[in-house]
Number of protein chains: 2
Amino acid sequence: MQRRSRQRDAILKVLEMEGVHPTAEDVLLEVRKEIPNVSLGTVYRNLDQLCEAGMIWKVQVEGEPCRYEGNPDRHLHAVCPFCGEIRDVWPSGDPVSRDSLPEEFAEAEYRLLLISPCKKCRRKDLKPAGPT
Amino acid sequence: MQRRSRQRDAILKVLEMEGVHPTAEDVLLEVRKEIPNVSLGTVYRNLDQLCEAGMIWKVQVEGEPCRYEGNPDRHLHAVCPFCGEIRDVWPSGDPVSRDSLPEEFAEAEYRLLLISPCKKCRRKDLKPAGPT
DNA sequence: GTGGATGCAAAGGATTTGCACCATT
DNA sequence: AATGGTGCAAATCCTTTGCATCCAC
């Protein structure tokens, strides 16, 4: 990533909005409001670059398209098993119980996704479903 | 899943081998040793069914095809960032530090993937890479 | 014999890529 | 002007599906 471009700036701006976790498609639609003819390829290329650069993060929920987010501070994600909504979760310490793991994982990196109904869905009385 | 079939039996047998985490493709090749003309569609259909039935599990590593495993006991997975090898990890208690999370996640389900070099790769001196 | 399971091939969705042109430095 | 970025469309990869046939019950 050496040069600047209107497109990348616009993409980054979308991801810098608070609490959003858009898919590439979502980003495309949002950016098109400003630059009507951006292409999906460009969005993907830039999202990749920004990830590499550590400026944004990818959030993967099984069986769904990748989501991206711009909040650089380390935090977790929770997905609602009913509606699929993703929300940020801010842990107060290490969310992994190292004590419960073999020595060799004392410092290991991890991907942790919480699965828990969102407020809206908690009201209704539904049975848990997806992600597998 | 109501009837039995040679194909499903064979697929299940592959997954019941200790410590394997094959992709659908891997399962196909293995099953073909016994039933040369199984199709990939059949493999996927049966893997899905067996997952639904809770007899096997799906393991998702970002950017890679799904892997499957037959060990029904609750455990974690660790992926090697260098070679992609997946190994089983048996925690001694709840691997999630509930104390570090907001109240509402006290009982939440989760997906946790550890990222840590395997023995072979620990010897070599490589820089961490993938999964994003 | 009935309806679930199969094999095949085609379709599908998400993401990547090749290429000629455009734009930033 | 050099070379990285873009738009477009085609390609790729993994997975799912439609359909005629097969086979377990």
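As the structure is a prediction and not an experimental result, all values here were calculated from the model. Each chain gets a letter, A, B and so on, in the order the sequences are listed, and its residues count up from 1.
For the pair A:Asn46 CG and D:dG4 C1', the interatomic distance rounds to 11 Å; values are reported in whole Å. Note: CD (B:Glu62) to P (C:dA14) measures 15 Å, nearest angstrom. When the P atom of C:dC8 is taken as reference, atom CD of B:Gln7 falls 11 Å away, rounded to whole Å. Going from atom CZ of B:Arg8 over to atom P of D:dC25 covers 10 Å, rounded to whole Å. A straight line from CD1 of A:Ile11 to C1' of D:dG5 spans 11 Å, rounded to a whole angstrom. The CG atom of A:Leu40 sits 10 Å away from the P atom of C:dT16 (whole-angstrom rounding). A:Arg4 has its CZ atom 13 Å from the P atom of D:dG5, to the nearest Å. Summarising the geometry, the separation between CG on B:Leu28 and P on C:dT6 is reported as 13 Å, rounded to the nearest angstrom.
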Anything under 3.5 Å between a protein N or O and an N or O of nucleotides 8-14 of chain D, put it in a table, one pair a line.
none

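With C:dG4, C:dA23, D:dC25 as the candidates, the nucleotide lying closest to the side chain of A:Arg3 is C:dA23. Of the candidates D:dT16, C:dA5, D:dT15, the closest approach to any side-chain atom of B:Asp48 belongs to D:dT16.
Between B:Ser5 and C:dT6 there is a side-chain polar atom (N or O) within less than 4.0 angstrom of OP1 or OP2. Residue B:Gln49 has no polar side-chain atom (N or O) positioned under 4.0 Å from OP1 or OP2 of C:dG4.
A 6.0 Å sphere centred on CZ of B:Arg4 holds no more than 12 heavy atoms belonging to other residues, nucleotides or ligands. Other residues, nucleotides and ligands place no more than 12 heavy atoms under 6.0 Å from the CZ atom of B:Arg6. Residue-environment remark: CD (B:Glu52) stays at or below the threshold of 12 foreign heavy atoms within 6.0 Å.
For the pair B:Val38 and B:Arg32, the tightest heavy-atom approach, listed with the atom from each and the gap, is O-NH2, 2.8 Å.
No side-chain donor from either of B:Gln60 and B:His77 sits under 3.5 Å from a side-chain acceptor of the other. A donor-acceptor pair shorter than 3.5 Å cannot be found between the side chains of A:Glu85 and A:His21.
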CA sep, side-chain torsions, deciding dist, call: B:Arg98, B:Glu107, salt bridge (charged side-chain N to carboxylate O under 4.0 Å, His left out):
CA-CA 8 Å; B:Arg98 306 291 174 167; B:Glu107 313 254 302; over 6 Å; no
